[in-house]
Amino acid sequence: MAAQIIDGKALSLIIQVYVRNKQKACEKAGFESWLHKLDANSTQADLLNLISKLNQDPKVHGILVQLPLPKHLNTDLILDAVTALKDVDGFGPENLGLLTSGRPRLLPCTPHGVLVMLQRYKIPVAGKHVVVLGRSTIVGKPMGLILLQNGIDATVTICHSKTSNLKEITRQADILVAAIGKPCFVTADMVKPGAVVIDVGINRLEDGKLVGDVDYEQVLPLCGAITPVPGGVGPMTITMLLHNTLLAAKLQQKS
Ligand code: GUN
């Protein structure tokens with residue numbers, strides 16, 4: 001059902017765990033999955049060739065290129081090559097464009113998982129001020145777009161490494177989404193008491209401990225709710241990947 005492509009040598013431990021967990025989730029859900037582990041020296045043409053084969057393979061309903069790719073590969077060109085109806089990460093221009101124009105189809109898994117989590121925990125979003133820390137194409141930007149959709153109706157601010165007066169902005173958040181990739185970056189003084197804090201980060205410290213982008217111990221006593229790392233957003237990302245793969249299979253049947 002789903003094919004994962006990764007660059008073999010450059011795989012960090014965290015990425016290896018991501019990939020393994022996605023394989024396990026596929027097995028558990030009864031999805032067949034194939035891992036294509038590429039050599040770190042593989043060329044752009046090698047990867048484009050593989051994507052082209054998977055695009056044409058009727059047994060494959062979803063294609064996921066595990067990021068980050070090595071520097072000698074052009075990530076945009078690689079992601080553009082994945083056929084839009086198999087783009088289960090939702091990172092390609094067609095799916096991101098549809099989301100931007102208010103016609104969401106295959107949504108990026110992590111921000112979609114955050115939305116579903118907020119909805120399942122009945123956390124009010126409409127009219128609330130959501131501050132997103134980070135502007136990546138994987139999380140920050142689509143997170144903002146998803147929350148801005150008609151019917152979801154959040155007021156969204158997206159902050160990034162160049163934002164001035166960051167703390168003043170984050171302190172206004174009813175919901176704070178941290179996706180900045182810096183361990184324990186969000187401290188207690190950046191959070192409004194009672195705010196809901198969603199931690200998208202996953203960082204490994206030198207002692208091997210996994211931590212998020214939020215200083216969990218500091219923020220826990222003052223916030224209204226908070227997601228742990230590991231175990232909060234991560235499993236939601238994988239769940240939404242399975243959701244997208246099923247949706248992609250249905251869309252392909254119709255097309
Ligand atoms: N690297 C970090 N997060 C992700 C993700 O959600 N999808 C892919 N393909 N690569 C990632």
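The residues of the chain are indexed from 1 along the displayed sequence. One-based numbering, in listed order, for ligands and for the atoms of each. The figures that follow rest on heavy atoms only: side chains count, while hydrogens, waters and symmetry mates do not.
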Review point. Per the side-chain contact (heavy atoms from CB on, under 4.5 Å) rule, which among Asn55, Val88, Leu50 passes with Ile63?
Key: Asn55

Review point. Between Val65 and ligand 1, does any nitrogen or oxygen pair lie at a separation below 3.5 Å?
Key: yes

**Study point:** Heavy-atom nearest neighbour of atom 9 (N) of ligand 1 within options Val19, Leu69, Leu67, Asp89
**Key:** Asp89

Practice item. Considering only non-hydrogen protein atoms, determine which one is nearest to atom 4 (C) of ligand 1 and report residue, atom name and distance to 0.1 Å. Key: Gln66 NE2, 4.2 Å

Point to revise | Asp199 side chain reached by Ile226 side chain, heavy atoms, under 4.5 Å | key: no

Review point. Checking Ser52 side chain against Leu48 main chain: does a donor-acceptor pair fall under 3.5 Å?
Key: no

Study note, to complete from the structure: For Leu64, the atoms of ligand 1 under 4.0 Å from one of its heavy atoms are 9 (N)

Point to revise | Sub-3.5 Å N/O-N/O distance, Tyr18 and ligand 1 | key: no

Point to revise | Asn150, CG: over 12 other non-hydrogen atoms inside 6.0 angstrom | key: no

Check your understanding: Given side chains that start at C-beta, do those of Glu94 and Arg105 come closer than 4.5 Å, heavy atoms only?
Key -> yes

